[in-house]
Amino acid sequence: MDHRTIPAKITRPTPGDSFPRTRLFKQLDRSRRRPVVWLMGPPGAGKTVLASDYLARRRLTTLWYQVDGSDSDIATLFHYLTLAARVAAPRSRRPLPRFTAGRSVDLERYARAFFSELYARLKPPFVVVFDNYQDVPADCALHEVLRLAIDTLPADGQFLVISRNEPPANLARARLHGAVTVLDESDLKLTLTEAHGIARRQLRGRCPRERVAALHDL
């Protein structure tokens, strides 16, 4: 797929010249054996930048998916996931199972077959990212699709979900069994050391340490 025609919905944001949050990178490294990492925090907490920067620095195969209201339509969800697979694995020519209205009756069987085929074409280790997951309505079938996608993951794959909210109720069992690592606002909050590092990077040392400390306290 020509990079000029790739929808923003399936394009990984570029971290730019962001400050490397090595403290959180190490936490994400330790979580690599878990099927799911759930990045949770308020707007502006740096969730998306952290995820994008980490995946770029670790050079992990990445399928990035921007969740929005259109994903309430499961056909739309699988359509864009198919496009995302072409971006993440451009050399694979075999088509993924196509979603049709008749298959909506047996969503579990279709979803398991779809994700098994999808994972088989992603170079390991790989990460599938669902960004802005808080936009999924409570009664949306996407929650069940996510559970099935996680159940189908091979050992060298992982889901990284970015959200302002807690994981949905249907992932409670996975959390109970330690399959989900949650990094929340307390983890994402800048430390004073990180604040000094950002000031040095962005202001070239022109901001006194006392002023950085005062800003951090605020």
Side-chain angles (χ1 to χ4, degrees), residues 1-15 35-40 43 47-56 60-154 157-165 167-168 170-171:
M1 182 182 295
D2 189 326
H3 72 277
R4 292 169 296 183
T5 65
I6 298 173
K9 184 175 177 65
I10 56 172
T11 301
R12 185 179 74 188
T14 55
V36 185
V37 171
W38 197 275
L39 282 181
M40 180 176 66
K47 304 182 295 296
T48 298
V49 172
L50 169 64
S52 178
D53 197 16
Y54 173 78
L55 294 169
L60 296 169
T61 302
T62 303
L63 187 154
W64 193 283
Y65 193 91
Q66 180 93 13
V67 175
D68 59 39
S70 69
D71 296 310
S72 295
D73 177 5
I74 292 301
T76 298
L77 168 71
F78 284 111
H79 168 72
Y80 278 105
L81 281 174
T82 299
L83 295 182
R86 294 177 190 168
V87 175
R91 295 183 179 180
S92 181
R93 301 299 181 189
R94 189 174 69 255
L96 285 164
R98 187 175 179 181
F99 184 86
T100 62
R103 276 183 163 144
S104 63
V105 177
D106 194 351
L107 178 61
E108 178 170 355
R109 177 177 293 182
Y110 170 76
R112 289 185 182 277
F114 179 91
F115 284 106
S116 293
E117 288 279 349
L118 172 62
Y119 300 151
R121 64 188 61 190
L122 297 178
K123 181 181 177 182
F126 66 83
V127 178
V128 178
V129 179
F130 276 4
D131 194 4
N132 281 341
Y133 198 82
Q134 73 279 344
D135 291 343
V136 181
D139 59 349
C140 183
L142 176 52
H143 296 304
E144 181 61 12
V145 171
L146 175 62
R147 185 188 69 80
L148 295 168
I150 292 168
D151 282 351
T152 317
L153 269 173
Q158 186 179 59
F159 254 89
L160 196 161
V161 184
I162 303 169
S163 180
R164 300 175 190 174
N165 304 329
N170 69 335
L171 294 188

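Because the structure is a prediction, the values reported are computed rather than measured. Just so it is clear, the values below take in all heavy atoms, side chains as well, and ignore hydrogens, waters and symmetry mates.
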Between [X] and [Y], which heavy-atom pair has the shortest distance, and what is it?
| X | Y | result |
| --- | --- | --- |
| Trp64 | Ala84 | O-CB, 4.3 Å |
| Lys47 | Met40 | CD-C, 3.9 Å |
| Arg12 | Ala56 | NH2-CB, 3.8 Å |
| Ile162 | Gln134 | O-OE1, 4.2 Å |
| Cys140 | Asp71 | SG-O, 3.8 Å |
| Asn165 | Trp38 | O-NE1, 2.9 Å |

Pair Ile150-Leu171, side-chain contact (heavy atoms from CB on, under 4.5 Å): steps then yes or no: CA-CA 10 Å; Ile150 292 168; Leu171 294 188; 4.0 Å; yes
Hey, could you give me the [atom1]/[atom2] distance between [X] and [Y], rounded to the nearest 0.5 Å?
| X | Y | atom1 | atom2 | answer |
| --- | --- | --- | --- | --- |
| Asp131 | Thr11 | CG | OG1 | 12.0 Å |
| Gln66 | Thr48 | CD | OG1 | 7.0 Å |
| Asn170 | Leu146 | CG | CG | 7.0 Å |
| Leu81 | Thr76 | CG | OG1 | 11.0 Å |
| Phe126 | Leu55 | CZ | CG | 12.5 Å |
| Leu118 | Thr152 | CG | OG1 | 10.0 Å |

Just do the side-chain contact (heavy atoms from CB on, under 4.5 Å) check on Arg98 and Thr82 with the steps written out, would you? CA-CA 9 Å; Arg98 187 175 179 181; Thr82 299; over 6 Å; no
With Tyr54, which residues qualify under ring-ring contact (aromatic ring centres under 6.0 Å, His included), at least two apart? Phe25
For Phe78, what residues pass the ring-ring contact (aromatic ring centres under 6.0 Å, His included) criterion, not counting sequence neighbours? Phe99, Tyr110, Phe114
Pair Tyr65-Lys9, side-chain contact (heavy atoms from CB on, under 4.5 Å): steps then yes or no: CA-CA 6 Å; Tyr65 193 91; Lys9 184 175 177 65; 3.2 Å; yes
Go through the steps for Asp73 and His79 under the test side-chain contact (heavy atoms from CB on, under 4.5 Å), then give the verdict. CA-CA 10 Å; Asp73 177 5; His79 168 72; over 6 Å; no
Check: [X] side chain, [Y] main-chain N or O, donor-acceptor pair, under 3.5 Å:
| X | Y | value |
| --- | --- | --- |
| Asn132 | Asp135 | no |
| Tyr133 | Pro167 | no |
| Ser116 | Ala113 | no |
| Ser52 | Pro13 | yes |

Is the shortest side-chain heavy-atom distance between [X] and [Y] below 4.5 Å?
| X | Y | result |
| --- | --- | --- |
| Pro124 | Pro154 | no |
| Arg112 | Asp151 | yes |
| Phe159 | Leu153 | yes |

Residues two or more places apart in sequence or in another chain: which of them pass side chain to side chain donor-acceptor pair (under 3.5 Å) with Ser70? Asp68
